[in-house]
Number of protein chains: 2
Amino acid sequence: MCVLALLSKGDNYAYDIASRMAEAVGMGEGTIYPLMRRMQNDGLVSTYLQESGSGPPRKYYKLTKAGAGALKSQITDWLAFEVAVRKILGDVT
Amino acid sequence: MCVLALLSKGDNYAYDIASRMAEAVGMGEGTIYPLMRRMQNDGLVSTYLQESGSGPPRKYYKLTKAGAGALKSQITDWLAFEVAVRKILGDVT
DNA sequence: AATAGTATCTTGCATGACAAGGTATCGTGT
DNA sequence: ACACGATACCTTGTCATGCAAGATACTATT
């Protein structure tokens, strides 16, 4: 969901996504490539190559219509989950 | 974290915890027993048996001091995670 | 006696995160 | 020219864990 959300703000490549996710939630780099592959297989993202000038060519990922739909429904689910957890935590917090 | 939070409100047995978690976040019943075992091995909970009158005896779980500490730190982590995710979702939501 | 509800638990499978390692490209310093 | 660090891609193997399915057993109801 977070990766889809990042892509909804603009095309990006795995290495940069991984860096942002690492900083935000501590995601490891080894996680991103299988994840992107899965999302591409599921038709949530499409890719294109682009030269970088600062290293090897980057594989950019772009959110598809299906990806945007998935993001929307995942956000709905996430918010419901958040509420459910908050309810369980209740006055403990 | 949610199970620890439930236990912080009073001792309980796995079957009932599982029911609450199933309703709240869709957790399956097969999840609870390995989880409780793990938490007991980690010293987060202790157990005692009690007759029920409406079935086999229940194994009640009670939060230990270590469990209360783990809950506290897990809540801290969770809240930070929530914030990080919200930040990523940002105006997408 | 049979069934349904309560309550325990185990087994096997699938998912997925990640550390570690491998490859290749570019710019910078020596 | 060459080494090095940063960038950027990717794979492999391992470990954790959620869950469906099934096994067991006790109690109460039909």
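Here the structure is a predicted model, which means the values were calculated and not measured. Order of the sequence lines sets the chain letters (A, B, ...), proteins ahead of strands, with each chain counted from 1.
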Write down the distance between [atom1] ([X]) and [atom2] ([N]), rounded to a whole number of angstrom.
X       : N      : atom1 : atom2 : value
A:Tyr60 : D:dC9  : OH    : C1'   : 14 Å
A:Tyr33 : C:dA20 : OH    : P     : 17 Å
A:Lys59 : C:dT25 : NZ    : P     : 15 Å
A:Asp16 : D:dA8  : CG    : C1'   : 11 Å
A:Gln40 : D:dC10 : CD    : C1'   : 14 Å

Among the nucleotides [options], which one has an atom lying closest to any side-chain atom of [X]?
X       : options               : result
B:Ala14 : D:dT7, C:dT8, C:dG16  : C:dT8
A:Arg58 : D:dT11, C:dT6, D:dA8  : D:dA8
A:Pro56 : D:dG18, C:dC9, C:dT25 : C:dT25
B:Tyr15 : C:dT10, D:dC10, C:dT8 : C:dT8

For this session: For A:Thr47 and A:Lys59, indicate whether the former's side chain and the latter's backbone hold a donor-acceptor pair under 3.5 Å.
Result: no

For this session: Test for a donor-acceptor pair under 3.5 Å between the base of D:dC9 and the side chain of A:Glu29, counting only N and O atoms.
Result: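 By the distance-only test, yes, there is a pair.
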
Exercise. For the residue pair B:Tyr60 and B:Tyr48, does the interplanar ring angle fall in the parallel (under 30°), tilted (30 to 60°) or perpendicular (over 60°) class?
Worked result: parallel

